[in-house]
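Read the structure below first, then the notes.
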Amino acid sequence: MGLWVLRPPGGAVAAPAPRCPRAAMADGPAPKRRRDEAEAAPVGSSFPLGSVRLRRLLRDSAREKAAFVHGQVVGAAGEETDAVLILEKTPFQEEKIEELLRRHGKMELQMSNDIYSTYRLQPPPELSEIKVTVVHPATEKHLQKYLRQEVHLIRETWEDYKNITLPFIQSQSFSIQWVYNILEKKAEADRIIHENPDPCNGFVLVPDFKWNQNQLEDLYLIALIHRRDVKSLRDLTAEHLPLLRNILQEGKEAITKHFGVPGSQLRIYLHYQPSYYHLHVHFTALGYDAPGCSVERAHLLEDVMDNLLLDAQHYQKRALTFPLRADEPLLKRFQEAGRQPGLLRGAAAGGPCAHPPSPSDPHRGVQQSPVCLLPHQGMEPLKAA
Ligand code: M7G
């Protein structure tokens, strides 16, 4: 996958190759390189925005002031490739507000009522920046990721993980070349905020590409671990506690030092499921309602560490809940395995309440959710959006 970064990469010093003992739970071969990686543009090259043809609007958000666009890029030989463009109006910066009020262009009254009035204001170009995130060439999976869709909750037992999720992510997950580029200082080297170079218990802390670093309100950084054998929360055991401790302590210290934000104002968490299966930890400003920070996806790092202290195999025993978009292939796999009964109106998949209880999901066998309808309440499977 090609990602256009705003600044050229810094010194390309390769990090030492991690030589950790293979994690007990990190099964399966490393994901294969795919076609989209091979075709990605060299890191740091600029993107031909002007030649993009608009295919469709995947999603827009009035609240986030963002549009997710499917575009097509026409190459020199006339070949067409897909791209995802995310266009976002950037947050206000306090020190620029006065300038904006003084130097605005046209100001048009929209409505006035008693002491209330609204206007349409045209700011000078340099104060009306738009952040553009480009994914090119984009895969079908990228297009799906940003397409507005219905979302459903999955409750995944450890057995589900081994039998359904793991084989799926080994065959289909997003390329993590961008992560290796950061770890090997081939991209974003000049953005690194902190690094612990230890191959087993070290990590790199960089600003997330969702954050433009102009204001602290939406502060967002990610810690990417050096070792390459931990895909997600599911692989974590007590063996990883020193690594997690380093991320927590050094990550907080580095952010306080660089940005003046105290640890008590940081939300530090992992996603399950992540989009990218190379373990990473999210650091966001506590006051920022970051995408993916809700209870069905975010797991606070300190809670994860406590769970591992109490039981080294906690994440290889318990059931985990996560959201999936309606037409994600993983959802289909759960449905095919009869493990997403709540999606079916009626007992088409053997009945929503018919599963025997599982050791890692005490709720299984019990009526699970409000969409777990009785047979007479509706017979049609829900169609994917
Ligand atoms: P995730 O939990 O795997 O998936 O988080 P999500 O994208 O669905 O949240 C991966 C995180 O890495 C996200 O917060 C992304 O914004 C961030 N990210 C993704 N890419 C491709 C890049 C990148 O190239 N550079 C940086 N700095 N961050 C990225």
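All heavy atoms count here, side chains included; hydrogens, waters and symmetry mates do not. Both counts, for ligands and for their atoms, begin at 1 and track the order of listing.
- Considering both main-chain and side-chain atoms, Phe209 comes within under 3.5 Å of ligand 1 through a nitrogen or oxygen pair.
- The side-chain heavy atoms of Ile225 and Val230, taken from C-beta on, include a pair separated by under 4.5 Å.
- The nearest non-hydrogen atom to atom 7 (O) of ligand 1, considering only His142, Lys145, His271, comes from Lys145.
- In Val135, neither the side chain nor the backbone holds a heavy atom less than 4.0 Å from any atom of ligand 1.
- Judged by distance alone, the side chains of Asn181 and Glu188 never bring a donor and an acceptor atom under 3.5 Å apart.
- For ligand 1, the polar-atom distance check finds an N/O of Pro207 within less than 3.5 Å of one of the ligand's N/O atoms.
- Of the residues Trp211, Tyr269, Tyr272, the one that meets the ring pair (Phe, Tyr, Trp, His ring centres under 6.0 Å) test with His282 is Tyr269.
- For the residues Ser275, Ser175, Ala187, the heavy atom positioned nearest atom 3 (O) of ligand 1 is part of Ser275.
- Note on ligand 1: Tyr220 sits in its first shell, one or more heavy atoms being nearer than 4.0 Å.
- Between His271 and Phe322, the ring center distance fails the sub-6.0 Å criterion.
- For the ligand labelled ligand 1, residue Gln273 lies outside the 4.0 Å heavy-atom shell.
- Between Arg234 and Glu156 there is a salt bridge, with a side-chain nitrogen of the basic residue lying less than 4.0 Å from a carboxylate oxygen of the acidic one.
- A salt bridge links Lys106 to Glu108: at least one charged side-chain nitrogen sits closer than 4.0 Å to a carboxylate oxygen.
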- Begin from the C-alpha positions of Glu99 and Arg102 and carry the test salt bridge (Lys or Arg N to Asp or Glu O under 4.0 Å) through to its verdict. CA-CA 5 Å; Glu99 193 185 344; Arg102 269 189 286 107; over 6 Å; no
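- Only the side chain of Trp178 comes within 4.0 Å of ligand 1, counting heavy atoms alone; its backbone N, CA, C and O stay farther away.
- By the 4.0 Å N-to-carboxylate-O rule, Lys257 lies too far from Glu253 to be salt-bridged with it.
- Annotation for ligand 1: atoms under 4.0 Å from non-hydrogen atoms of Arg191 are 27 (N).
- Atoms of ligand 1 lying under 4.0 Å from at least one heavy atom of Pro274, given by number and element, are 2 (O), 3 (O).
- The ligand atoms of ligand 1 that sit less than 4.0 angstrom from a heavy atom of Ile222 are 12 (O), 28 (N).
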